[in-house]
Amino acid sequence: MKENEELCSLYQKRFQYLLVDEYQDTNAVQSELIHLLARPQNSVMVVGDDAQSIYSWRGADMDNILSFPEHYPNATVYKIETNYRSVPEVIDLSNAAISANKKQFKKALRAARVGGSMTPALVPVEDPRAQADFVAQRVLELRDEGIELDEMAILYRAHHQSLEIQMELTSRGIPFEITSGLRFFEQAHIKDVAAFLRFATNRRDEVSFKRFCLLLPGIGAATATKLWRAWRKVGISKKEEPPKRFSDHMLKFPVPAKAKKDWEQLCYTLDELIVGDGYARPSEMLTSVLEGVYDDYMKASFENYDNRRQDIEQLILYSETFDDVLELLGQLSLMSSVDGEPTGSRAESDDEKVVLSSIHQAKGLEWKVVFLIWLADGMFPNGRILEADDQDMFEEERRLFYVALTRSKDELYLTYPQINPKSYSGDIITRPSRFLEDCPEEMLETWEVGPAW
């Protein structure tokens, strides 16, 4: 259209008026196309909320909406400041949270609804398990008070932050659905690392054997089958104890030249899973797989490497509660097969489920009750953004916080663990999210939750 004036003119005449929704999410190409189509009469109207611009990572440019009055000097800006969704307590907190951002159209939302039944709750808890325990218990209490499960949502910054929540909801028989991806234990990278442990403890597990073979460069389905046949000849006997060293057998197998180095490392990694006449601790086994083989594979294969690594680190933390790898694998099998449905006659007749969602996936949705978890510095706002010291990225992170708050219609719970267990560096004492510093104390009610909650 820029190079062909005749074509451009044709479309400009065809469309007399333009209306663009969600304008804060447009990218550079979309913005330029809009400007071209709008000429010469410039009869264009855009609708959007700069405070909800949270998709720069996929190309959205908030400057498009902020600079609109500059592109169209005769434009009129209408601020729609009446909010019909949330109670005043949620709206006032949301206004305070977003007010610290410098790049924005200043607005002051006003709630059309009357005051709610509670002030948004700030709930510090001891650790991630206590956080999951509080959320699950409060969900049950609210359900007993008449709020249906599908009117409640648990929101988080990153998918891996939902692990303990998924475990606790499952153990209590509370049904849930995940809008931000697969259940934690159903993700491919979790199944990949688990395959090493499954094979180490069951040398007849063909599926697990082939799964980790296919991770290596140059190995396809046919080669994986040949390697399995080679293993069957030497690695499987009537005795059930594991071989002392997998590498004594597997290093002799013919593999493509492209895979030779990686195959050697894989064999030595399997050796590390065996200690004496038994197995290493589950957390040590997973760490060996991650550092020995899988970390390099993720770096080479996935754009979202950081997120996947965080998931596996969370799995390692979870596995530290197990001494027996067979118990861990049994639990993984259980968690992979559950459908989230509860037990009990009353619950079995209900179709309602608590929603677990990343904040990005929750945009545009609403619930009576919202739990926003992991509100600790480094978790939300994200640690990489803090390290980057990029003001634009940090302000987008605050907009994400704003979006999370405004999903709540009636009740809002903000939680964070005061201790964050780390496999490599030990327990870390966390500090509350710096976003909370922008929220006046009188707008939040701090709940003290003890171990007996």
Side-chain angles (χ1 to χ4, degrees), residues 121-143 147-187 190 307 310-321 331-332 334-343 347 352-362 365 367-376 378-380 382 400-401 404-405 407-408 411-421 430 433 447 449 451 453:
L122 177 63
V123 190
V125 291
E126 183 178 357
D127 56 26
R129 289 179 181 273
Q131 178 175 247
D133 185 53
F134 164 75
V135 172
Q137 181 63 29
R138 188 64 184 144
V139 165
L140 291 176
E141 293 174 355
L142 292 167
R143 180 67 179 86
I147 300 178
E148 296 184 352
L149 294 179
D150 52 15
E151 286 287 356
M152 304 182 219
I154 303 166
L155 306 183
Y156 35 81
R157 174 64 178 82
H159 187 53
H160 69 85
Q161 295 170 356
S162 69
L163 171 58
E164 292 86 5
I165 299 289
Q166 292 187 43
M167 297 294 298
E168 189 64 26
L169 293 178
T170 300
S171 68
R172 291 177 181 243
I174 302 173
F176 63 91
E177 62 176 340
I178 299 175
T179 65
S180 56
L182 295 171
R183 291 173 183 266
F184 185 86
F185 295 109
E186 293 174 350
Q187 297 176 105
I190 299 299
N307 290 338
Q310 288 174 347
D311 283 346
I312 296 174
E313 289 176 348
Q314 286 295 115
L315 177 62
I316 293 172
L317 286 174
Y318 170 67
S319 70
E320 288 181 346
T321 61
Q331 188 68 18
L332 295 188
L334 175 65
M335 292 299 296
S336 297
S337 61
V338 296
D339 60 5
E341 293 295 339
T343 57
E352 56 188 276
K353 299 179 181 181
V354 177
V355 175
L356 273 63
S357 177
S358 70
I359 303 168
H360 283 100
Q361 290 285 338
L365 304 176
W367 297 271
K368 287 183 178 178
V369 178
V370 167
F371 297 88
L372 180 55
I373 64 173
W374 274 108
L375 265 178
M379 303 299 279
F380 193 17
N382 182 277
L400 192 62
F401 178 54
L405 299 180
R407 298 312 92 197
S408 169
E411 298 188 19
L412 180 62
Y413 300 87
L414 312 178
T415 74
Y416 67 93
Q418 299 175 83
I419 296 175
N420 183 12
T430 66
S433 170
W447 288 24
V449 177
W453 171 261

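Note that this is a predicted model, so its numbers are computed, not measured.
Looking at heavy atoms from C-beta onward, Ile165 lies in side-chain contact with Ile373 at the 4.5 angstrom threshold. Taking the side chain as every heavy atom from C-beta outward, Leu356 and Gln361 never approach each other to under 4.5 Å. A heavy-atom distance below 4.5 Å is found between the side chains of Arg138 and Trp447. The shortest distance between side-chain heavy atoms of Tyr413 and Glu411 falls below 4.5 Å. Between Gln314 and Gln161, every side-chain heavy-atom pair lies at or beyond the 4.5 Å cut-off. Side-chain contact between Leu155 and Trp367 is present, with at least one heavy-atom pair separated by less than 4.5 Å. With a 4.5 Å cut-off on side-chain heavy atoms, Val123 and Leu414 do not count as touching. Considering only heavy atoms from C-beta on, Leu122 comes within 4.5 Å of Tyr416 through its side chain.
With Gln131 contributing its side chain and Trp374 its backbone, the two residues share a donor-acceptor pair below 3.5 Å. Looking at Tyr156, its side chain does come within 3.5 Å of a backbone N or O of Ser357 through a donor-acceptor pair. Judged by distance alone, with hydrogens and angles left aside, the side-chain atoms of Ser433 form a donor-acceptor pair with the main-chain N or O of Phe380 at under 3.5 Å.
Contact check on Lys368 versus Glu148 returns no salt bridge, with no Lys/Arg side-chain nitrogen under 4.0 Å from an Asp/Glu carboxylate oxygen. Using a cut-off of 4.0 Å between Lys/Arg side-chain N and Asp/Glu carboxylate O, Asp133 and Arg172 are scored as salt-bridged.
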Walk me through whether Val369 and Ile147 qualify under side chain to side chain contact (heavy atoms under 4.5 Å, CB included).
CA-CA 9 Å; Val369 178; Ile147 300 178; 3.8 Å; yes
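For the residue pair Leu317 and Pro421, the shortest heavy atom distance occurs at CD1-O, 3.1 Å. Contact between Ala404 and Val370 at its shortest, heavy atoms only, is O-CG1, 4.2 Å. Scanning both residues, Ile178 and His159, for their nearest heavy atoms gives CG2-CE1, 3.8 Å. Closest heavy-atom contact between Thr430 and Ala376: CB-CB, 4.0 Å. Closest non-hydrogen pair, Leu315 versus Leu163, comes out as N-CD2, 4.3 Å. Listed here is the closest heavy atom pair of Pro175 and Glu352: CG-O, 3.5 Å.
Residues Gln166 and Ser162 bring a donor and an acceptor atom of their side chains to less than 3.5 Å of each other.
Results of the side chain to side chain contact (heavy atoms under 4.5 Å, CB included) test with Phe176 over Val355, Thr170, Val139, Asp150 single out Thr170 as the only residue that passes. Evaluated for a side chain to side chain contact (heavy atoms under 4.5 Å, CB included) with Val354, the options Leu142, Val135, Ile174 yield exactly one hit, Ile174.
Asn420 CG to Asp127 CG: the interatomic distance, rounded to the nearest 0.5 Å, is 9.5 Å. Residue Gln418 holds its CD atom at 8.0 Å from CD of Glu126, rounded to the nearest 0.5 Å. Remark: Ile154 CD1 to Glu168 CD distance equals 10.5 Å, nearest 0.5 Å. For the atom pair Phe184 CZ and Ile190 CD1, the distance stands at 4.0 Å (nearest 0.5 Å).
With sequence neighbours left out, the side-chain hydrogen bond (donor to acceptor under 3.5 Å, both in side chains) criterion links Glu151 to no other residue. Residues that satisfy the ring-ring contact (aromatic ring centres under 6.0 Å, His included) test with His160, not counting sequence neighbours, are absent from this structure. Residues satisfying the ring-ring contact (aromatic ring centres under 6.0 Å, His included) test with Tyr318, not counting sequence neighbours, are Phe185, Phe322.
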